[in-house]
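Report on the following structure.
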4 protein chains.
Amino acid sequence: MQFTIDNASNRPVYQQIVDQVKRDVALGRLVRDDKLPTVRRLAAQLVINPNTIAKAYRQMEQEGIITTKPGAGAFIALLDSNLSEIVRARIICERLEMVIVEAFHLQVQKESLREWFEKALEKFKFSPEKGLKNE
Amino acid sequence: MQFTIDNASNRPVYQQIVDQVKRDVALGRLVRDDKLPTVRRLAAQLVINPNTIAKAYRQMEQEGIITTKPGAGAFIALLDSNLSEIVRARIICERLEMVIVEAFHLQVQKESLREWFEKALEKFKFSPEKGLKNE
Amino acid sequence: MQFTIDNASNRPVYQQIVDQVKRDVALGRLVRDDKLPTVRRLAAQLVINPNTIAKAYRQMEQEGIITTKPGAGAFIALLDSNLSEIVRARIICERLEMVIVEAFHLQVQKESLREWFEKALEKFKFSPEKGLKNE
Amino acid sequence: MQFTIDNASNRPVYQQIVDQVKRDVALGRLVRDDKLPTVRRLAAQLVINPNTIAKAYRQMEQEGIITTKPGAGAFIALLDSNLSEIVRARIICERLEMVIVEAFHLQVQKESLREWFEKALEKFKFSPEKGLKNE
DNA sequence: GTGGTCTAGACCACC
DNA sequence: GTGGTCTAGACCACA
């Protein structure tokens, strides 16, 4: 797994690490039980304070993305959101709307937005739909 | 225009105000030349320091959402993004992908996501596409 | 980096700071990744409220001149204007015309103006022109 | 003389009026002894507070651009800057440098800047150079 | 009365 | 210790 930190970004460093792991999982590049680098090793590699890496790992564990086994390291966990259907819908719909509002103000055309959405959607390895005939 | 502030949110108060104005513009509830509440009035109404409101207005002005004129007030501006096409596409695509990654980890199905996206898209008043046959 | 504030000037203090940083970048005195003084340190040095410095830094960040990272400091960014060609041309042409009108009313001769323009132009470190044979 | 006020601009209304008169003088559209509209008339025409127009006229008189004859109206004055050569040079050079710095940060090429400068220069009616052979 | 600027001082997230 | 946010309150330019 290759991490890259963008120092020009406003996004906190620890958050960038979380983002990248989540993205790689969604892309299918990281799968269950894959081992992440140790905190120290990654800190050395990215030339970053180990506390920052530790914070990223802590957050990912909290989100259920990884499990850390003391002495063994950190591993990608089984996806299992414990949030209710309704809460999940609310979170995602709200975020979708915010992106759309942003696009509106950037005067992006509706069709471009649809196209970009579909293109982005294709990138990620969604599991086959349950209870749906096709997809 | 009705504002609501969620003090529990991580999102800064001034940003919440910006979000709401931008949303209302995109929904068509606010249109060009509509007058926003005065800084002091809105501050009193929301029980917030006037400087915080002023900060929100300043940010919106910088984004080109409104124009402020001392002595007159703040008004919805003509929307006209100064950003180049490439930058706009990059901003939106990146944000779309982040929402999709988030949805993936919440185990939202691809079809639900598509449906929510379309539903959200319908809410906002995009201008008719230029040079496209259908819309 | 040496800052000087003119309290007699109409130009806001925070804007004077922005001006000076931008000038030093254009002169080549400040280059990418150079660290700016911390907000508190500069505030102490100039005997100015830290919020005023912070405002200057915030504005520069929005203009893409610097990037600020809490816990690390503020750094000169890679310059990369997000604005479209047309907007950039409009901004600069308008400002050039205003200076010329000003010069006209001060009864400056056209030749003096040309000379001063060229002399000023030589001071700054423009990158070599892309795709042009000479320059 | 046609005035237009841009409400979207940050520039104060009274300043916009001054700008336009100065520009028209430099363009040769307004010459010595031309009569400006009365304060009341212009205020009515632009749908603006008469105080604002009065302020613009007051400033122009102070700058020596117009002379107001009570009861008769306001007239374009003879250009005659009483500032010393050195002061004038300092004012203009400083402003030229600021535009150039701005252009630098917008990543405008030096050649474009030269071209725009020349094009702008041609627009205005500079008087023939004194003591210079050609112009 | 409008927004803009500046000061003073508190608290928080990030590194 | 870094910058970011928010509050409180003063003064100024603009309309």
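Excluded from the calculations below are hydrogen atoms, water molecules and symmetry mates; all remaining heavy atoms, backbone and side chain alike, are included. Each chain gets a letter, A, B and so on, in the order the sequences are listed, and its residues count up from 1.
- Between E:dC14 and A:Lys55, a contact under 4.0 Å exists linking OP1 or OP2 to a side-chain N or O.
- You'll find the side chain of D:Met60 reaches within 4.5 Å of the side chain of D:Leu36, heavy atoms only.
- Rounding to whole angstrom units, CG of residue C:Asn49 and P of F:dA10 are separated by 16 Å.
- In this structure, the NZ atom of B:Lys69 is 11 Å from the C1' atom of E:dG3, given to the nearest Å.
- Look at CD on B:Gln59: it is 17 Å from C1' on E:dG3, rounded to the nearest Å.
- Each of A:Arg11 and B:Leu36 was matched to the nucleotide of DNA chain E holding its nearest heavy atom; the match closer to the 5' end belongs to B:Leu36.
- Between the side chain of B:Arg32 and the backbone N or O of B:Ile76, no donor-acceptor pair lies under 3.5 Å.
- Between B:Thr68 and the phosphate of E:dT2, there is no side-chain N or O to OP1/OP2 separation shorter than 4.0 Å.
- In this structure, B:Leu42 places its CG atom 14 Å from P of F:dC6, rounding to the nearest Å.
- For C:Pro70, counting side-chain heavy atoms from C-beta on, the closest listed nucleotide (F:dT2, E:dC15, E:dG4) is F:dT2.
- Remark: P of E:dT2 and CG of D:Asn10 are 19 Å apart, rounded to the nearest angstrom.
- Below the 3.5 angstrom threshold, one finds a donor paired with an acceptor across the side chain of B:Arg40 and the base of E:dG3.
- For the pair B:Ala72 and B:Arg58, nearest-nucleotide mapping onto DNA chain E gives the more 5' position to B:Ala72.
- If you check every strand for non-hydrogen atoms under 4.0 Å, C:Gln15 touches nothing.
- Under 3.5 Å, the side chains of D:Gln16 and D:Gln20 contain no donor-acceptor pair of N or O atoms.
- For E:dC6, the OP1/OP2 oxygens have no side-chain nitrogen or oxygen of C:Tyr14 closer than 4.0 Å.
- Here F:dC14 is the nucleotide among F:dA8, F:dC14, E:dT2 with the atom lying nearest to any side-chain atom of D:Pro12.
- Residue C:Val13 places its side chain closer to E:dC6 than to any other of E:dG3, E:dC6, F:dG3.
- Partner assigned to F:dT2 is E:dA13, using Watson-Crick or G-U wobble distances below 3.5 angstrom.
- For E:dT7, the OP1/OP2 oxygens have a side-chain nitrogen or oxygen of C:Thr52 closer than 4.0 Å.
- Counting atom types as modelled, D:Asn51 pairs no side-chain N or O with a base atom of F:dA15 as donor and acceptor under 3.5 Å.
- The cationic atom of A:Lys69 (NZ for Lys, CZ for Arg) lies less than 6.0 Å from the six-membered ring centre of A:Phe75 and within 45° of the ring axis.
- Residue-level contact check: D:Ile48 touches neither bases nor backbone, having no heavy atom under 4.0 Å from any strand.
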Verdict with reasoning, C:Thr68 to C:Glu61, per side-chain hydrogen bond (donor to acceptor under 3.5 Å, both in side chains): CA-CA 7 Å; C:Thr68 65; C:Glu61 175 149 42; 2.6 Å; yes

